Amino acid sequence: MTDELAADAARPVPPSPRPRRAALLSLFAGFAVFAYVLDQLTKLWVTATMVEGERIPVLPPILHWYFIRNSGAAFSIGENVTWVFSIIMAAVAVAILFQVRRLGSAWWSLALGLLLGGALGNLTDRLFREPSFGMGHVVDFIQLPNFAIFNIADSAVVSAVAIICILTIRGIALDGTRLGNGPKDKPGHD
């Protein structure tokens with residue numbers, strides 16, 4: 001009997017899924033809050049310290065702060081349908097929240113957190129900035145050569161999409177399992 005107890009004590013106990021799930025949700029929430037708060041604070045800083053149209057060299061000729069208000073999407077596409085972007089960003093945020101319950105990967109937690117934070121950052125501008133509710137213009141201020149002027153929320157969204165593309169190419173599903181055949185089809189391989 002004591003040999004059986006010793007053998008049981010020597011066997012590793014698999015971690016409980018609850019703490020791992022809590023850690024993944026904390027990672028997701030942490031990155032969502034980080035992206036959202038950093039975006040809103042930088043936009044507050046820009047609107048408080050700069051005049052619209054003002055351009056400040058930061059690392060010339062690579063980086064400038066250039067304060068504009070964008071009623072459209074990237075490269076000012078869709079300036080006359082701002083309300084459509086508000087609906088899309090709200091739908092994206094809801095879709096992300098529905099997918100969170102399936103999280104099984106730290107990298108997916110990071111990506112979805114950044115995506116949610118970025119979407120909510122620009123949605124906040126669309127809802128609460130001039131000219132009106134749902135039609136607000138997004139504050140953009142980061143300028144690189146030969147590229148669109150963007151903000152932290154845009155950076156979070158692009159980073160999230162890049163991570164999602166890499167995870168997809170590597171065959172890592174939202175729940176952390178590897179897609180495909182073979183011994184790699186086990187959770188936790190992220």
Side-chain angles (χ1 to χ4, degrees), residues 3-42 62-63 72-75 77-78 84-126 138 140 142 144 146-190:
D3 289 336
E4 289 176 20
L5 290 175
D8 284 344
R11 280 190 212 131
V13 177
S16 168
R18 200 169 250 324
R20 174 147 168 85
R21 177 142 175 79
L24 293 174
L25 290 175
S26 294
L27 185 66
F28 163 77
F31 275 97
V33 168
F34 173 75
Y36 179 79
V37 168
L38 185 60
D39 176 67
Q40 292 301 301
L41 288 176
T42 55
I62 304 296
L63 176 64
F75 303 101
I77 295 170
V84 172
F85 298 119
S86 299
I87 293 170
I88 290 170
M89 283 183 272
V92 165
V94 169
I96 291 168
L97 292 173
F98 275 113
Q99 292 302 313
V100 167
R101 61 185 160 73
R102 296 181 47 216
L103 281 175
S105 159
W107 284 105
W108 275 101
S109 297
L110 166 67
L112 291 183
L114 289 174
L115 188 59
L116 180 64
L120 291 177
N122 282 338
L123 179 60
T124 298
D125 284 12
R126 297 280 182 212
V138 172
D140 287 332
I142 303 169
L144 300 173
N146 304 311
F147 196 71
I149 301 168
F150 58 99
N151 57 45
I152 300 297
D154 298 332
S155 298
V157 168
V158 169
S159 298
V161 169
I163 294 167
I164 290 169
C165 288
I166 291 167
L167 291 170
T168 302
I169 289 168
R170 291 192 61 215
I172 300 172
L174 186 62
D175 65 1
T177 58
R178 286 264 191 185
L179 303 176
N181 297 326
K184 295 182 181 177
D185 291 350
K186 294 180 184 171
H189 284 85
D190 55 357

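Because the structure is predicted, anything quoted here is derived from the model rather than measured.
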If you look at every heavy atom in A153 and G118, which pair is closest and at what distance? CB-O, 3.3 Å
Do S155 and F150 come within less than 4.5 Å of each other through their side chains, counting heavy atoms only? yes
Residues at least two apart in sequence or cross-chain that pass salt bridge (Lys or Arg N to Asp or Glu O under 4.0 Å) with D125, listed by chain then number, are K43, R129
Provide the closest heavy-atom pair for I152 versus A35 in the form atom of the first, atom of the second, distance. CG2-O, 4.2 Å
Would a distance-only check, ignoring hydrogens and angles, find a side-chain to backbone donor-acceptor pair under 3.5 Å from W108 to I172? yes
Once you round to the nearest 0.5 Å, how far does CG of L179 lie from OG1 of T177? 5.5 Å
Side chain to side chain contact (heavy atoms under 4.5 Å, CB included) with V37: which residues, sequence neighbours excluded? V33, L41
Give a yes or no on whether the backbone of G104 and the side-chain of R20 come within a donor-acceptor separation of less than 3.5 Å. yes
Is any side-chain heavy atom of N122 closer than 4.5 Å to one of N151? yes
Output all residues satisfying side chain to side chain contact (heavy atoms under 4.5 Å, CB included) with T124, sequence neighbours left out; order by chain, then residue number. Y36, Q40, F128
dist I164:CD1 -> W107:CH2 (nearest 0.5 Å) comes out at 13.0 Å
Donor-acceptor under 3.5 Å (R21 side chain, R101 main chain): yes
Does a side-chain heavy-atom distance below 4.5 Å link V157 with L114? no
Closest non-hydrogen contact found for G121 with D39 is CA-OD2, 3.3 Å
If you measure from CG on L123 to OG on S86, what distance do you get to the nearest 0.5 Å? 6.0 Å
Could you tell me the separation between the CG atom of L24 and the CG atom of L112, rounded to the nearest 0.5 Å? 11.0 Å
Could you grab the distance from atom CG of L174 to atom OG1 of T168, nearest 0.5 Å is fine? 10.0 Å
For S105 and A173, work out which heavy atoms get closest and say how close. CB-O, 4.5 Å
Report yes if the side chains of I142 and I149 come closer than 4.5 Å at any heavy-atom pair, otherwise no. no
Quick one: does L63's side chain get under 4.5 Å of L144's, heavy atoms only? yes
